[in-house]
Chemist: 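Mind looking over this structure? Questions follow.
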Amino acid sequence: MIKRLIKADKKLVVKFAVSLFLTILFAFVFVGLRSYAAETGANAAVTAENTTDTANGGTQQDQNTSGYLDNPAQSVGQNPGASVLQQVIGVDASQPLEIIILMTLIALLPSMMIMMTCFARIVIVLGFLRSAMQTQNTPPNMVLTGLALFLTIFIMAPVFKEINEVAYEPYANEQITTQEALERASVPLKKFMLKQTSNDDLEFFVELSKTEVPEGGMTDEYKENDLPLTTIIPSFMLSELKRAFQMGFMIFLPFLIIDIVVGSTLMSMGMMMLPPAMISMPFKILVFVLADGWNLMVGSLVTSYNL
């Protein structure tokens, strides 16, 4: 099976091997640096204690030395296995496997954030626009992705501002814990996603997850406070895909009419060997420019979100 995979896609296998090697290497380097820092701190603490005890006559030094030999962990004053990551997110940095899991979650975080914002709808609609105009790789993928990213920041700015006010600033000022900050940050995201999610999609995933619904039905308070993100996120993604394809269909219609007119004209003139796309593409670009298509496209995308 491995030989077949290597023959099918060698580049993918090489990239996976390199990524795995670098992840393991970074994990061991991080653990080594942490062990060295802990050992250096312990030595510095012991040296400071010995210096203080020597100044006081040497009596206390003997007691501390015997205590250090009896219980070395208590002499340092902290558990050697403790770390900042363990205190913050409950991950022990002395365990390479947990570091690999943490790095994997960090690698998946951008994808999760992209699917929880309006990025997916925007980039899909822009892709439909390029396909309808038949301009191949113009605009290039990098331009479309950058435009979608900054439009996402523009649309999500009120949500990010609310998250900063209710979750990040209190957490930075040490007024709330990490868990409370995460719970507060999820509320604005839930509100945003629920506004864009249709009731049919939400009910569909609620039934699939077998979530118990209260007798009064799914009220707004129940959706925002009690409904989990594991149900809201896939419902939001499905609704976003549906709206993106609906907008893509509407984009294709005017360009399809141009293709039909150009194709009928060429057939009536007997120019059947001439590709219709070669003639229709300049007309599509002309119509799009004259109609100020970019402003219409961006305006439609921004106003399609009920903010």
Side-chain angles (χ1 to χ4, degrees), residues 108-135 139-163 185-209 211 213 217-220 222-224 227-259 284 287-288 291-307:
L108 294 176
L109 185 61
S111 299
M112 296 172 61
M113 292 303 298
I114 286 173
M115 299 309 296
M116 294 169 64
T117 61
C118 54
F119 181 86
R121 183 196 300 188
I122 295 173
V123 76
I124 290 173
V125 171
L126 294 178
F128 272 122
L129 173 64
R130 186 174 64 180
S131 299
M133 294 181 65
Q134 296 179 346
T135 54
N141 292 331
M142 185 176 296
V143 174
L144 293 183
T145 305
L147 179 60
L149 178 61
F150 282 97
L151 284 177
T152 301
I153 296 174
F154 176 78
I155 296 172
M156 298 292 296
V159 180
F160 293 152
K161 182 179 179 181
E162 185 176 356
I163 292 175
S186 64
V187 174
L189 279 176
K190 280 185 177 181
K191 291 181 180 179
F192 170 78
M193 289 188 289
L194 288 172
K195 286 183 179 180
Q196 318 307 323
T197 305
S198 64
N199 293 328
D200 294 337
D201 295 333
L202 192 60
E203 292 175 358
F204 173 71
F205 278 97
V206 168
E207 292 178 0
L208 288 180
S209 63
T211 304
V213 181
M218 291 192 296
T219 60
D220 294 339
Y222 171 77
K223 293 178 183 178
E224 296 177 3
L227 203 61
L229 283 172
T230 53
T231 303
I232 296 176
I233 292 176
S235 305
F236 170 74
M237 292 169 56
L238 190 60
S239 297
E240 287 290 285
L241 290 175
K242 287 182 178 179
R243 286 199 176 94
F245 274 73
Q246 291 172 359
M247 296 180 70
F249 172 76
M250 300 302 297
I251 291 172
F252 261 94
L253 285 180
F255 296 113
L256 180 61
I257 294 174
I258 295 176
D259 285 332
K284 292 179 181 179
V287 170
F288 187 76
D292 201 3
W294 287 114
N295 283 346
L296 292 175
M297 179 62 59
V298 172
S300 300
L301 287 170
V302 173
T303 55
S304 64
Y305 286 91
N306 302 321
L307 297 178

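Note: hydrogens, waters and symmetry copies are ignored here, and every other heavy atom, side chains too, is used. Keep in mind that this is a model prediction, so the values were computed, not measured.
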Chemist: Between Gln196 and Phe236, what is the shortest heavy-atom contact and its length?
Modeler: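 The pair with the smallest heavy-atom distance is CB-CE1, 3.7 Å.
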Chemist: Taking salt bridge (Lys or Arg N to Asp or Glu O under 4.0 Å) as the cut-off, I'd like each qualifying pair that reaches into residues 231-240, sequence neighbours left out, listed once.
Modeler: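 Output for this query lists Arg121-Glu240.
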Chemist: Please round to the nearest 0.5 Å and tell me the distance separating atom OG1 of Thr117 and atom CD1 of Ile122.
Modeler: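 Those atoms lie 8.0 Å apart.
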Chemist: How would you list all residue pairs meeting salt bridge (Lys or Arg N to Asp or Glu O under 4.0 Å) that involve residues 295-305, not counting sequence neighbours?
Modeler: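 Non-adjacent pairs meeting salt bridge (Lys or Arg N to Asp or Glu O under 4.0 Å): zero.
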Chemist: Could you walk me through whether Lys284 and Asp259 pass side-chain contact (heavy atoms from CB on, under 4.5 Å), step by step?
Modeler: CA-CA 9 Å; Lys284 292 179 181 179; Asp259 285 332; 2.9 Å; yes
Chemist: Are Phe252 and Ser131 side-chain neighbours, meaning at least one heavy-atom pair lies under 4.5 Å?
Modeler: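 Yes. Closest side-chain heavy atoms under 4.5 Å.
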Chemist: How many angstroms lie between atom CG of Asp201 and atom CD1 of Ile232, to the nearest 0.5 angstrom?
Modeler: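 Rounded to the nearest 0.5 Å, the CG-CD1 separation comes out at 13.0 Å.
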Chemist: Can you measure from CZ (Phe204) to OG1 (Thr231) and round to the nearest 0.5 angstrom?
Modeler: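 That separation rounds to 12.0 Å.
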Chemist: How close do Leu229 and Pro234 get, heavy atom to heavy atom, and via which atoms?
Modeler: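 Closest approach of Leu229 to Pro234: O-CD, 4.0 Å.
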Chemist: Kindly indicate whether the side chain of Leu189, heavy atoms from C-beta on, has any atom under 4.5 Å from the side chain of Met156.
Modeler: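 Touching, per the 4.5 Å side-chain cut-off.
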Chemist: To the nearest 0.5 Å, tell me how far Thr152 OG1 sits from Leu147 CG.
Modeler: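 Output value for this atom pair is 9.0 Å.
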Chemist: Check whether any side-chain heavy atom of Leu301 sits under 4.5 Å from a side-chain heavy atom of Met247, and report yes or no.
Modeler: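 In short, these two side chains touch, coming nearer than 4.5 Å.
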Chemist: For Arg243, enumerate each residue passing the side chain to side chain donor-acceptor pair (under 3.5 Å) test, keeping only those at least two apart in sequence or located in another chain.
Modeler: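 In terms of side chain to side chain donor-acceptor pair (under 3.5 Å), with neighbours along the sequence ignored, Arg243 is linked to no residue.
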Chemist: Do Phe255 and Val287 have side chains that approach each other closer than 4.5 Å (heavy atoms only, starting at C-beta)?
Modeler: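 Heavy-atom side-chain distance check fails, nothing below 4.5 Å.
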Chemist: Could you give the distance from CG (Leu149) to OG1 (Thr145), rounded to the nearest 0.5 Å?
Modeler: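 The distance works out to 8.5 Å.
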Chemist: Over all heavy atoms of both residues, which pair between Ala244 and Ile124 is shortest? Give the atoms and the distance, please.
Modeler: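 Closest approach of Ala244 to Ile124: CB-CG2, 3.7 Å.
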Chemist: Between Ser198 (side chain) and Ser239 (backbone), is there a donor-acceptor pair under 3.5 Å?
Modeler: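 Absent.
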Chemist: Are the side chains of Ile114 and Ser111 in contact, using a 4.5 Å heavy-atom criterion?
Modeler: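 When only atoms from C-beta onward are counted, Ile114 and Ser111 do not touch, as no gap falls below 4.5 Å.
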Chemist: Would you name the heavy atoms of Ile251 and Ala132 that are closest together and state the gap between them?
Modeler: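 Distance-wise, the nearest heavy atoms are CG2-CB, 4.3 Å.
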Chemist: Strictly distance-based, threshold 3.5 Å: is any side-chain N or O of Arg130 a donor or acceptor partner for the main-chain N or O of Pro139?
Modeler: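 It does hold such a pair.
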Chemist: With a 4.5 Å cut-off on side-chain heavy atoms, are Val206 and Leu227 touching?
Modeler: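 Yes; the side chains approach each other to less than 4.5 Å.
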Chemist: Would the Phe128 and Phe245 ring centres measure less than 6.0 Å apart?
Modeler: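 When the ring centroids of Phe128 and Phe245 are compared, they turn out to be within the sub-6.0 Å range.
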Chemist: From the options Ile155, Val302, Val123, select the one residue that forms a side chain to side chain contact (heavy atoms under 4.5 Å, CB included) with Cys118.
Modeler: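 Passing option: Ile155.
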Chemist: Can you tell me how far CG of Asn141 sits from CG of Leu126, rounded to the nearest 0.5 angstrom?
Modeler: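 Answer for the CG-CG pair, Leu126 versus Asn141, is 11.0 Å.
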